[in-house]
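Here is the structure we will look at, set down as structure tokens.
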Amino acid sequence: MSETVGDLRGTATTAGRELLPTATQARTRAAVRELIRPHRRLALGGFAMMVVATAVGLLVQPLLGRIVDLVADHRPPGSITLPAVLLVLVALAQGGTTVLGLSLVARLGETALAQLRERFVEKALRLPLEQVEKAGAGDLTARVTRDVSVVGEAVRSALPELARSLLAIVLTLAAMAALDWRFFLAALIAVPVQASTARWYVRNAVPLYAEQRIATGSQQQQLLDTIAGAGTVRAFRLEEEHTARVTRRSSAAVELTLRGVRLVLNFYNRLHVAEYAGLAAVLVTGFLLVRGGSVSIGTATAAALYFHSLFSPVNQALVLLDDAQSATAALARLVGVADEPTPEPSPNGPAPSEPSLSGPSDAHGTVTVTGIHHAYEPGRPVLHDVDLTLRAGERVALVGVSGAGKTTLAKLIAGVHRPTSGSVRVTTDDGVPREGLPVALVTQETHVFAGPLADDLRLARAGATDDELRAALATVDALDWAGALPEGLDTVVGDGGHRLTSAQVQQLALARLVLADPPVAVLDEATAEAGSTGARLLEQAADRAVEGRTALVVAHRLTQAATADRIVVMDAGRIVENGTHDELCAAAGPYASLWAAWSGTRATAGQTPTHPHSPDPTSPVTTSPDTTTVKDH
């Protein structure tokens with residue numbers, strides 16, 4: 001318990017964590033181009049429709065100017081019929097082309113976002129666990145939730161509107177130049193103020209929003225840490241300390257948000273100055289040109305209306321620029337993870353192969369662990385110079401006191417972690433060594449995904465038939481309870497569905513192992529959650545699940561070790577004994593001490609010690625010295 005309190009008090013701050021990578025601006029832009037490149041036709045079609053819609057809309061101001069000239073010349077009322085009809089047609093045409101253009105742009109954005117999201121999830125699932133642990137779950141959670149939402153919202157609304165606004169600005173200025181070049185020059189008075197404002201905003205907004213994302217991730221991490229340790233927090237009266245930590249992280253996030261608000265307010269103040277200066281210049285220019293007879297009142301009106309119509313797209317573009325900067329910061333965090341290289345196989349062997357999903361496996365795998373050293377943090381090694389060979393079809397039990405390194409070695413063999421140095425190789429019956437050959441890992445922490453039970457099983461073999469699913473369940477003695485569910489294999493389990501017991505959850509995990517049919521299986525305390533009543537059933541199910549496979553079993557009970565082909569004893573990250581149950585008991589070493597302590601405890605609990613090859617798993621799990629296992633790292 002003292003170790004738990006120490007870990008809780010020493011919760012790492014943001015400065016102490018190695019956050020997941022964030023892409024540079026150049027790389028983010030390159031990633032966007034890569035996503036759009038396969039959809040060039042869709043992009044060009046959407047852009048063309050937006051240009052047509054904007055160009056058609058620019059006919060409104062000249063038509064209104066024409067009406068002004070007709071009224072100024074005292075023409076009969078019927079003379080404005082044609083301009084009025086044309087205004088209606090322009091509105092219809094602009095509306096139709098705008099809808100089509102926006103839909104094409106939105107389709108392009110959603111397609112690119114879906115591809116990015118898939119790449120992100122794929123790479124996130126392949127991230128080394130030690131990298132995720134160093135960054136903290138809050139960093140990854142913030143990217144998966146908030147950052148994806150920000151980018152998605154930008155794609156659905158900001159991107160189409162920003163494209164339309166920018167086109168409107170460019171084409172409107174061109175239309176003003178077509179009326180008279182002097183109107184164009186007058187309008188340009190506002191440009192230097194707007195451009196400097198935009199540069200000032202971007203320069204300050206990009207780092208601010210990036211910092212805000214980091215602060216949000218840090219805040220979520222602190223909340224997760226505090227909630228996860230809530231029991232210990234209450235037990236040791238640490239509520240005020242952890243509340244203060246959450247408050248500090250939340251205050252930092254709020255302060256950054258307020259800085260963003262002040263930035264936006266200053267941004268709009270500068271824009272209003274630009275609008276006033278530009279409109280005043282256009283009106284004065286129009287007055288001078290009309291007085292000099294260079295243009296008509298209608299033309300000057302059209303120019304003023306053109307510039308006034310720029311208020312909306314300019315403000316819209318700059319408002320969306322705020323969203324775009326926020327989305328860019330979020331996108332850089334997504335691209336940073338999506339660009340993470342997939343761990344490459346060791347040069348000692350060829351690329352990994354895929355496990356066969358066609359039927360029962362006849363191929364056994366020999367596992368060779370050579371010179372393994374591993375540390376989760378530099379300078380704090382967990383494993384030291386471990387050498388181990390698992391012969392084809394052999395069942396090896398891994399035992400030792402808590403913290404000996406059992407789980408770490410199991411995860412290295414399963415490929416969950418990559419060793420700091422050394423190698424793990426699997427050789428199949430064809431004699432070809434394959435570095436990192438898929439090895440199935442079953443732990444006591446099994447997740448039941450929400451959905452039909454059949455879908456949960458098919459995670460191991462997507463094309464499995466119902467008969468194959470039932471056969472796998474029968475292998476692990478789970479068919480009876482699965483068949484008794486309200487809707488059989490179609491019964492919804494997981495969150496919001498039918499609740500499975502701990503033993504049933506583990507049987508489900510073992511059934512997935514049978515369906516995946518790997519040559520090598522690693523069971524890391526896969527029967528630990530059964531308790532005393534379900535232990536015999538679950539251990540028998542585990543034995544049948546690994547039958548015919550090379551198996552490494554991190555033993556939860558020493559009776560599991562006693563029935564294994566061979567026992568490997570670990571202590572302080574090293575293998576200290578290796579042999580059969582009888583050999584190790586005769587050697588009077590660490591294993592013999594563990595066995596004697598375990599048997600003696602069983603005897604003092606009022607039970608008669610059984611023969612090691614006739615295990616009695618109904619004994620209370622709390623009596624075993626190796627039943628409460630802390631993570632090795």
Side-chain angles (χ1 to χ4, degrees), residues 1-3 369 382-391 394-410 413 443-444 522-543 546 551-633:
M1 182 64 75
S2 61
E3 292 179 359
V369 176
V382 177
L383 297 180
H384 311 266
D385 195 26
V386 175
D387 293 306
L388 178 64
T389 299
L390 308 182
R391 294 182 289 273
E394 184 182 29
R395 187 179 307 176
V396 176
L398 194 61
V399 302
V401 298
S402 298
K406 304 184 301 297
T407 292
T408 297
L409 179 58
I413 292 176
T443 72
Q444 63 182 359
V522 176
L523 305 185
D524 184 7
E525 299 192 352
T527 63
E529 294 295 328
S532 58
T533 57
R536 182 185 298 276
L537 173 65
L538 200 53
E539 288 181 9
Q540 291 175 348
D543 289 342
V546 301
L552 178 69
V553 180
V554 178
H556 177 63
R557 297 172 179 84
L558 289 188
T559 49
Q560 291 178 288
T563 57
D565 298 326
R566 186 158 51 98
I567 300 170
V568 174
V569 183
M570 295 192 69
D571 184 37
R574 291 181 170 87
I575 293 178
V576 295
E577 282 191 310
N578 191 338
T580 65
H581 172 80
D582 293 336
E583 291 171 347
L584 296 182
C585 284
Y591 177 78
S593 299
L594 286 174
W595 178 260
W598 182 83
S599 300
T601 305
R602 284 164 55 87
T604 59
Q607 301 185 32
T608 302
T610 59
H611 187 277
H613 296 285
S614 301
D616 178 16
T618 60
S619 61
V621 295
T622 55
T623 63
S624 171
D626 192 35
T627 54
T628 304
T629 301
V630 180
K631 294 294 183 185
D632 296 321
H633 57 282

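Just so it is clear, the values below take in all heavy atoms, side chains as well, and ignore hydrogens, waters and symmetry mates. All values derive from a computational prediction rather than experimental measurement.
- Exactly one of Leu594, Val569, Ile567 qualifies for a side-chain contact (heavy atoms from CB on, under 4.5 Å) with Glu577. That residue is Val569.
- The structure places CD of Glu583 at 9.0 Å from CG of Asn578, a figure rounded to the nearest 0.5 Å.
- Here the OG1-CZ distance, from Thr563 to Arg395, works out to 7.0 Å after rounding to the nearest 0.5 Å.
- Closest heavy-atom contact between Leu383 and Gly405: CD2-O, 3.7 Å.
- Exactly one of Val386, Val396, Leu390 qualifies for a side-chain contact (heavy atoms from CB on, under 4.5 Å) with Val568. That residue is Val396.
- Here the straight-line distance linking atom CG of Leu388 with atom CE of Met570 works out to 9.0 Å at 0.5 Å rounding.
- Separating the CG atom in Leu523 from the CG atom in Leu398 is a distance of 11.5 Å, to the nearest 0.5 Å.
- Of the inter-residue distances, the one linking Leu552 atom CG with Lys406 atom NZ reads 11.5 Å to the nearest 0.5 angstrom.
- Of all non-hydrogen atoms in Gly579 and Leu584, the two that sit nearest each other are O-CD1, 3.7 Å.
- Interatomic distance, Thr580 OG1 to Tyr591 OH, rounded to the nearest 0.5 Å: 9.0 Å.
- Residues Ala397 and Ala564 come closest through the heavy atom pair CB-CB, 3.7 Å.
- Looking only at side-chain heavy atoms (C-beta outward), Asp387 and Ile575 stay at 4.5 Å or farther from each other.
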